[in-house]
Amino acid sequence: MHVTQPAPTVVRRICPLCEASCGLELKVAEGRVLSIRGDDSDVFSAGYLCPKGVALKDLHEDPDRLRKPLVKRDGRFVEVSWDEAFAEIERRLPPLIERHGRNTAAVVLGNPSVHKLGLMLYGPRLLKALGTQQMYSASTLDQMPKQLSCGLMYGSWLSVPVPDIERCGFLLILGGNPVASNGSLWTVPDFRGKARDMQARGGRIVVVDPRRSETAELANEHLFIRPGGDVFFLLGLVHTLFDEQRVRLGRLEPHLAGVDEVRQAVAPYTPERVASRCGIDAATIRRLARELAAAPQAAVYGRLGTCTQEYGTLASWLVDVLNALTGHLDEPGGMMFPKAAAFAANTAGKPGIGRGVITGRYKSRVSGAPEVIGELPLTCLAEEIEAPGEDRVRALITIASNPVLSAPHGERLSAALDTLDFMVSVDIYLNETTRHADVILPGRSPLEDAHYDVTFSQLSYRNHARYSEPVFAPPAGQPAEWQVLQRLTAIVLGLGADADLEALDDRQTLEQVRKLAGEQADAVFAAVSKHRGPQRLLDLGLRSGPWGDGFGARPDGLTLDKVRAAPAGIDLGALQPRVPEVLRTPSGRIELAPPVLLQDLERVAADLERPAPPLVIVGRRHVRSNNSWMHNLPVLAKGPVRCTLLVHPADADRLGLRDGETARLVAAGGRSVEAPVQLSDEMMPGVVSLPHGWGHHLPGTQLRVAAERPGANLNALLDDSQRDPLSGNAVLSGVPVRLEPVAASAGA
Ligand SMILES: Nc1nc2c(c(=O)[nH]1)N[C@H]1C(S)=C(S)[C@@H](COP(=O)(O)OP(=O)(O)OC[C@H]3O[C@@H](n4cnc5c(=O)[nH]c(N)nc54)[C@H](O)[C@@H]3O)O[C@H]1N2
Ligand SMILES: Nc1nc2c(c(=O)[nH]1)N[C@H]1C(S)=C(S)[C@@H](COP(=O)(O)OP(=O)(O)OC[C@H]3O[C@@H](n4cnc5c(=O)[nH]c(N)nc54)[C@H](O)[C@@H]3O)O[C@H]1N2
Ligand code: SF4
Ligand SMILES: [Mo]
């Protein structure tokens, strides 16, 4: 005999953990998750999920996840009420800003903030209230080069084309490993399945990567490339197109500016001249250029590996130049611009023309690094805290970010954080970064929040609109993150910690509506105000968006209610050509040859002969890990040790290293870490690979599962002075290292 269990309820929910944005189906009963699987009915992800999606249960239940605010008193964290936490912030933050000016407060936004509706929609309000130029994010460890090159070419920061994989016949991937990462700047759940379908149709996939990655393994062809060599390889390809008269502009011809300038700029870079610098021979470069030019439907996609290097912006630009010159940009089966249902800058304003983008409106105080999209390079933060002066950073707000592990030279940043006068972290864990805070304000479990992908619907392989309700009610008294940010905003605005947040939200939302709707503002505000908070902003975004109901003008169009009524999502179809409507450049054309990029080629010219260092390091991702913060979830943490150093057997022989032994990596400045060696012919000889986001041995954290197998911190080796000068992006790839055995007797 057994006791009757309560009947489980089935609920649908989009996974907020990575860019793939899979629809999940959860079985829940009595406030607990019984099981998680892919939602077969989801119009966008059709049942796909990865092990991290299943780990949402562990995340929801993790006893280490913070539920109450923490305040540091006499060096120790104590749990306090929300009122006490905000009172502490009000007591300490505004006086610092009043005394030293707005730039004394810095903000760091981390990766998960892009995945959270409340943080995406209310973060900008806090930033505006602060008015600080000291704004940092994970973007400058990641995709800033691509956003800059796209901004310069197409006129808005998030006009990033993505492969139309369902119709593509030839896909060239550089520096991306979507089989492990599930895609980036390309929202494409089940890449593997779509790649297989493509191959079954006779399509070809070529991967260019210093490691034979999981994606390379699946591809039809894999080419090793010298880390950081992409710009040379791409110049060789573009050169060949001109040299062999294979340029085909097609429909875009009248919309392209700068073709002749590109022709001139690439003239010196024959495949023969670039071959040794990129490690790919001239004949292969010529063959690939021909294949690309001849393919009726083809796409060149460059991702993380092409951005986190010293020529990140140039490489990102050349990827799109190749697409444009072979007639594959903005064409079905090529690289296409998504048309998001809400919030896309490239659907707002006048179609086909705009102000374009500018950078360098101000510079960082110490290194003089230019602002890009209102951000300074994260690798400048430590020095901005350290260097004396009136504008020194004395206060810091981190939001869903762990730069002590995720940014280069974390030890330096860690020491700098200890010298701050005040630090607040909006974060769900007491980890390597938040341990430095004076106050930690925890967000809710993702299952207690509503969800809509503000960013990733702008990067999706198909257009869609999907919304998830919260699965569970939050613990009594725990505010949503948008409310946490609104309260911080109220404090910064001088309205006080107990300000009327409803009134503040009404006022700020009405301001946004006025900008959007002009004379119709009052009517529009009234129409969307049956919703509150993020839902109101979402209704506003959807209804005023390209698929929206225009507040009655297009009665068949989207509203939040309609999207809500479709729990499996609304499919808005395959991507469609958008040039010239998508463009927001002052010329109204695609700028193929932005002067700042042509100028930057001088660095490349001077670097053509650089010999390969004996050994360089690159990163990698594993499907059971996510940057620095999922190592505390038992279902992901179990199994073999994943923080291993991949070394090619020939390098291991030369250095006297054996499989399974510990080796010491030493980088510039003498910094070193130790990691277990895993021999692998996946690696290009002369290149080793260690994943990032590990190093959970630091004291003062509350990550009990992660601490059992802390792993080595790749970023402890890397240098925070190495950046792509245009975008400010950190150089995380191709960094020279020395590798030596750790003597068995060295112990500990
Ligand atoms: N060497 C090297 N370094 C890298 C990379 C690399 O490839 N190589 N990759 C870089 C890239 S691409 C990125 S994006 C960055 C990522 O680096 P970060 O932006 O620092 O992000 P994470 O490491 O994912 O840390 C996420 C933080 O958010 C918190 N968090 C998780 N969920 C929530 C939530 O719902 N609410 C709140 N408030 N907090 C939450 C976690 O506790 C953690 O503190 O790392 C970069 N660092
Ligand atoms: N499982 C898992 N998924 C994730 C994440 C995670 O940590 N784990 N992180 C998420 C985040 S924040 C991001 S930004 C995305 C990133 O997603 P991707 O862009 O797919 O990045 P990676 O998986 O790191 O793959 C980068 C590849 O570039 C190669 N590479 C390194 N240097 C070079 C180079 O100089 N040239 C070329 N051509 N290749 C090079 C590396 O060997 C690696 O195979 O993944 C997201 N998804
Ligand atoms: S691939 Fe995995 S982590 Fe990413 S959205 Fe899907 S289930 Fe979540
Ligand atoms: Mo990222």
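Note that ligands are numbered from 1 as they come in the structure, with each ligand's atoms numbered from 1 the same way.
Closest to atom 2 (Fe) of ligand 3 among all protein heavy atoms lies Cys50 SG, 2.3 Å. Remark: minimum distance from atom 6 (C) of ligand 1 to any protein heavy atom is reached at His692 ND1, 3.3 Å.
Not a single heavy atom of Ile399 sits under 4.0 Å from any atom of ligand 1. Distances shorter than 4.0 angstrom occur between a heavy atom of Arg621 and an atom of ligand 1. Put simply, no part of Thr308 is less than 4.0 Å from ligand 1, judged by heavy atoms. Under a 4.0 Å heavy-atom criterion, Pro446 is not in contact with ligand 1. Note on ligand 1: Gly619 sits outside its first shell, no heavy atom being nearer than 4.0 Å. For Glu481, the heavy-atom gap to ligand 1 drops under 4.0 angstrom. Ligand 1 lies less than 4.0 angstrom from a heavy atom belonging to Ser628.
Electrostatic pairing of Asp62 and Arg67 does not count as a salt bridge here, judged by no charged N lying under 4.0 Å from a carboxylate O. Look at Arg444 and Glu481 and you find no salt bridge, because none of the NZ, NE, NH1 or NH2 atoms lies under 4.0 Å from a carboxylate O.
Among the atoms of Cys15, none of the N, O or S atoms falls under 2.8 Å from atom 2 (Fe) of ligand 3. The nearest N, O or S atom of Cys22 is closer to atom 6 (Fe) of ligand 3 than 2.8 Å. For atom 8 (Fe) of ligand 3, the set of nearby N, O or S atoms under 2.8 Å includes none belonging to Cys18.
Looking at ligand 1, you won't find any N or O of Leu714 less than 3.5 Å from one of its N or O atoms. Checking only distances, Asn715 does come within under 3.5 Å of ligand 1, N or O to N or O. Distances between N or O atoms of Asp427 and those of ligand 1 include at least one value under 3.5 Å. The distance criterion of under 3.5 Å between nitrogen or oxygen atoms is not met by Ala138 with respect to ligand 1.
The parts of Asn111 lying near ligand 1 are both backbone and side chain, judged by heavy-atom distances below 4.0 Å. Within the 4.0 Å heavy-atom criterion, the part of Leu732 lying near ligand 1 is the side chain and not the backbone. Using a 4.0 Å cut-off between heavy atoms, Leu405 makes no contact with ligand 1 at all. Residue contacts with ligand 3 for Pro189 are absent, since no atom lies close enough (heavy atoms, distance under 4.0 Å). Contacts between Thr433 and ligand 1, counted as non-hydrogen atom pairs separated by less than 4.0 Å, are absent for every part of the residue.
When each atom of ligand 3 is checked for a heavy atom of Lys52 under 4.0 Å away, the hits are 3 (S).
For Lys72, the NZ atom sits in a packed shell: over 12 heavy atoms of surrounding residues, nucleotides or ligands are nearer than 6.0 Å.
Asn402 and Tyr429 share no side-chain donor-acceptor pair at under 3.5 Å.
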